[in-house]
Chemist: 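I'd like to ask some things about the structure below.
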Amino acid sequence: MIGRGLCKTPRGKLVAVTVRIEGDGTGPDRIVEARLDGDFLIDLTGADRVVETNGIVGTDSETKADSVTGTDMDLIADLGHAIVGDTDADGTGPGRPVPVDSDRLRADLLAAVGRHPHAELVGVTVGAIVDAVNRAVTDVRIQSRAESDPRASYVADAPSASFDQPDQSSSDQSDQPDRSDQINQSDRPDPIGQTVSVEPHDLPNDLPDDLSDDPSDDLADPRWRSLHPQIMIDTEPYAPAMQMALDQAIAEAVAAGLMPPTLRLWRWGGPAVVIGAYQSVSNEVDERAASEAGFAVVRRVTGGGAMFVRPADTITYSLYAPAGFVDGLDAAASYRLCDAWAFAALRSLGIPAVAQPLNDIAMPDGGKIGGAAQRRFPAPRGREQDRQAPGCVLHHVTMAYDIDAEGMVRILRISKEKLVDKAVTSAKKRVEPLRMNTSLSRDEVVEAMRRYALANIEGARAAVTDDLPESVIVRARTLASERFSNSEWTHRIG
């Protein structure tokens, strides 16, 4: 039987654990399979070369050198193996007994984290993973009681998604039977663990307590003064898959020293749901509803949560800076530094944006304007010219100019159906789009931010995507076709 548990680290991110529990009645039931997903972040640091297995955990596909995926997914897979615990020589069992020994599980998870020195979990703690596992086990027990007692109110009636890669022949899962040996979607009634429960000693130590200071002051930091970026705006609207691809291709070019530091303002070519690198598609998106509404579903290369994008309602930018730009900074400070220009630009428009840990841009009252995510791209190795390659930090932000909360909850799996009204209210309350704080149109805000960057970032110069090297465009087109339009990539965590 399958159970799912969630835990959100205070001022951090959410982690979800899905477990398969089996037993033959002769001993304790055991966890025989486990998977992590969520809107957490993974910071890749110090790796000269990242090897990927086509972005799919557990496959035997041919490996190749790449600057995306690999050690981060290896870490997630290893954490899943640690949750399962001791196995036989053939790796099939017996699995971790339940009830779970939380101290032993914590030790096993810490050991797994230690085996991946170049992949750092950001925004989530080992304690949160332990909590999520215990809640997944509780979820299974609730289901078992519901099956044995017809008076029980808990019924797992949502569409199901397997541990295996899902069949993508149809995005309509509404006719699939509920199966107790598969993972149910997160819109099953009351998924276990939506409340916060993390021990104080597990809290991140890099989150500032005082958010009252002006984050735009960081634009005076010597790192910004020596960056001298080109300020680029998309020449034309690009389809969602191409936008994902441009992000990777430009970051790779900057990492290799083939392009200067760049700040790019996007033009979206269509509506999209953009899920984070480590999120489960089936637990985040109603793909049928997205398809019917004309929304593409794409997976980006960075962690974080799902983005609901309508071109007229959304402002997105990416900063591609040499890796040294954020050297020595913890996660919260890195996000704040990279967004310093945006804080300053918004404040010049009368919008008093502040940094909200871990990675949000918000209003002083806590209303969220947007969220950021990052990924490190290592410098290539092996060629003489690579010796001076700087590597790259990709930092991108999506801000809400406006919001269609009702449309969002129809497509994103925010809650079960009876809580739709509450979810809409919550979305409207949490998100404070820029339109509520300015009379400027979306395009006028973008142009004002571009002009502010050109006028106030030392050494900045104007550019457009038509100025991109041909090699970058070719690489982006290849990535858009082979990766970001590929269902295997999108559904690597099904």
Side-chain angles (χ1 to χ4, degrees), residues 43-46 67-68 215-235 238 243-267 300-302 315-329 331 333-345 359 361 372-381 385-398 446 449-473 475-476 479:
D43 192 2
L44 298 175
T45 58
S67 58
V68 171
S216 64
D217 290 344
D218 292 337
L219 194 57
D221 189 292
R223 300 174 195 239
W224 270 108
R225 295 172 63 186
S226 61
L227 189 62
H228 302 163
Q230 59 178 353
I231 311 301
M232 177 176 289
I233 192 164
D234 287 351
T235 308
Y238 293 107
Q243 288 289 17
M244 305 301 105
L246 280 168
D247 247 4
Q248 180 175 337
I250 295 173
E252 290 173 344
V254 172
L258 302 177
M259 277 184 61
T262 299
L263 175 62
R264 179 171 74 97
L265 293 155
W266 296 23
R267 292 176 65 193
R300 62 182 184 269
V301 298
T302 60
I315 297 174
T316 303
Y317 66 84
S318 293
L319 175 66
Y320 315 87
F325 184 68
V326 294
D327 273 357
L329 299 180
S334 173
Y335 281 96
R336 178 180 164 123
L337 176 70
C338 291
D339 287 331
W341 83 276
F343 289 121
N359 58 328
I361 295 176
Q374 291 183 1
R375 190 179 188 96
R376 270 58 165 176
F377 285 73
R381 294 290 183 265
Q385 59 266 40
D386 292 335
R387 293 191 176 187
Q388 301 302 316
C392 177
V393 56
L394 162 63
H395 175 97
H396 50 200
V397 169
T398 290
V446 172
M449 293 181 71
R450 186 185 75 89
R451 290 182 177 179
Y452 184 92
L454 286 169
N456 293 278
I457 300 176
E458 190 169 324
R461 59 195 183 281
V464 293
T465 46
D466 277 352
D467 299 328
L468 288 170
E470 181 63 22
S471 60
V472 173
I473 294 295
R475 172 66 169 156
L479 286 167

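Heavy atoms only: backbone and side chains are in, while hydrogens, waters and symmetry mates are out. Residues take their numbers from the sequence shown, with the count starting at 1. Here the structure is a predicted model, which means the values were calculated and not measured.
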Chemist: Using the test ring-ring contact (aromatic ring centres under 6.0 Å, His included), find all partners of Tyr317 that sit at least two apart in sequence or belong to another chain.
Modeler: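 Tyr317: ring-ring contact (aromatic ring centres under 6.0 Å, His included) contacts with Trp341.
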Chemist: Considering residues at least two apart in sequence or located in another chain, which fulfil the salt bridge (charged side-chain N to carboxylate O under 4.0 Å, His left out) criterion with Arg450?
Modeler: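 Once residues adjacent in sequence are excluded, the partners of Arg450 under the salt bridge (charged side-chain N to carboxylate O under 4.0 Å, His left out) criterion are Glu447.
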Chemist: Which atom pair, heavy atoms only, marks the closest approach of Ala453 to Ala460?
Modeler: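 Between these two residues, the closest heavy atoms are O-CB, 3.7 Å.
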Chemist: Which is it for Leu227 and Ile457 under the side chain to side chain contact (heavy atoms under 4.5 Å, CB included) test, yes or no, and what are the steps along the way?
Modeler: CA-CA 8 Å; Leu227 189 62; Ile457 300 176; 5.7 Å; no
Chemist: Hey, does Met244 have a side-chain heavy atom less than 4.5 Å from the side chain of Val301?
Modeler: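 Counting from C-beta outward, Val301 and Met244 never come under 4.5 Å.
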Chemist: Compare every heavy atom of Ala249 with every heavy atom of Val472, then report the nearest pair and how far apart it is.
Modeler: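 Scanning both residues, the minimum pair turns out to be O-CB, 3.7 Å.
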Chemist: Got a second to check how far Leu319's CG is from Thr262's OG1, nearest 0.5 Å?
Modeler: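 Going from the CG atom of Leu319 to the OG1 atom of Thr262 covers 8.5 Å.
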Chemist: Would Met259 and Gln230 satisfy side chain to side chain contact (heavy atoms under 4.5 Å, CB included), going step by step from the backbone distance to the final call?
Modeler: CA-CA 10 Å; Met259 277 184 61; Gln230 59 178 353; 3.5 Å; yes
Chemist: Apply salt bridge (charged side-chain N to carboxylate O under 4.0 Å, His left out) to Asp339 and list each qualifying residue two or more places apart in sequence or on a separate chain.
Modeler: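 Asp339: no salt bridge (charged side-chain N to carboxylate O under 4.0 Å, His left out) contacts found.
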Chemist: Please check: side-chain N/O of Thr316 versus main-chain N/O of Trp266, any donor-acceptor pairing under 3.5 Å?
Modeler: no
Chemist: Of all heavy-atom pairs between Cys338 and Trp224, which one has the smallest distance, and what is that distance?
Modeler: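 Minimum heavy-atom contact is O-CZ2, 3.5 Å.
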Chemist: Check Pro229 against Leu263 and note the closest heavy-atom contact, atom names and distance.
Modeler: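 That would be CB-N, 4.5 Å.
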Chemist: Is a side-chain donor or acceptor of Gln243 paired with a backbone partner of Arg267 at a separation under 3.5 angstrom?
Modeler: yes
Chemist: Which atom pair, heavy atoms only, marks the closest approach of Val326 to Ser334?
Modeler: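 The pair with the smallest heavy-atom distance is CG1-OG, 3.4 Å.
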Chemist: Do Arg336 and Asp218 sit within salt-bridge range, that is, some charged N less than 4.0 Å from a carboxylate O?
Modeler: yes
Chemist: How long is the span from the CZ atom in Arg475 to the CD atom in Glu470, to the nearest 0.5 Å?
Modeler: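 CD of Glu470 is found 14.5 Å from CZ of Arg475.
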Chemist: For a 4.5 angstrom cut-off between non-hydrogen side-chain atoms, does His396 reach Asp247?
Modeler: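 A side-chain contact exists here, since the closest heavy-atom pair is under 4.5 Å.
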Chemist: If we only count heavy atoms from C-beta on, is the Tyr238 to Thr465 side-chain gap below 4.5 Å?
Modeler: yes
Chemist: Quick one: closest heavy-atom pair of His228 and Arg461, and the distance?
Modeler: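 Where His228 meets Arg461 most closely, the heavy atoms are O-NH1, 3.1 Å.
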Chemist: Check whether Arg375 reaches the backbone of Gln248 with its side chain - one donor and one acceptor, N or O, closer than 3.5 Å.
Modeler: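 Answer holds: no.
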Chemist: Treating Asp467 as the side-chain partner and Val464 as the backbone partner, does any N or O pair qualify as donor plus acceptor under 3.5 Å?
Modeler: yes
Chemist: Kindly say whether Ser318 contributes a backbone atom to a donor-acceptor pair with the side chain of Arg264 at under 3.5 angstrom?
Modeler: no
Chemist: Does any non-hydrogen side-chain atom of Val397 lie less than 4.5 Å from one of Ile361?
Modeler: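 With C-beta onward as the side chain, the pair touches.
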Chemist: Please step through side chain to side chain contact (heavy atoms under 4.5 Å, CB included) for the pair Leu329 and Leu337, ending with a clear verdict.
Modeler: CA-CA 9 Å; Leu329 299 180; Leu337 176 70; 3.6 Å; yes
Chemist: Let me see the working for Leu468 and Met232 under side chain to side chain contact (heavy atoms under 4.5 Å, CB included), right down to the final yes or no.
Modeler: CA-CA 10 Å; Leu468 288 170; Met232 177 176 289; 3.8 Å; yes
Chemist: Would a distance-only check, ignoring hydrogens and angles, find a side-chain to backbone donor-acceptor pair under 3.5 Å from Asn359 to Ala373?
Modeler: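 Such a contact is absent between Asn359 side chain and Ala373 backbone.
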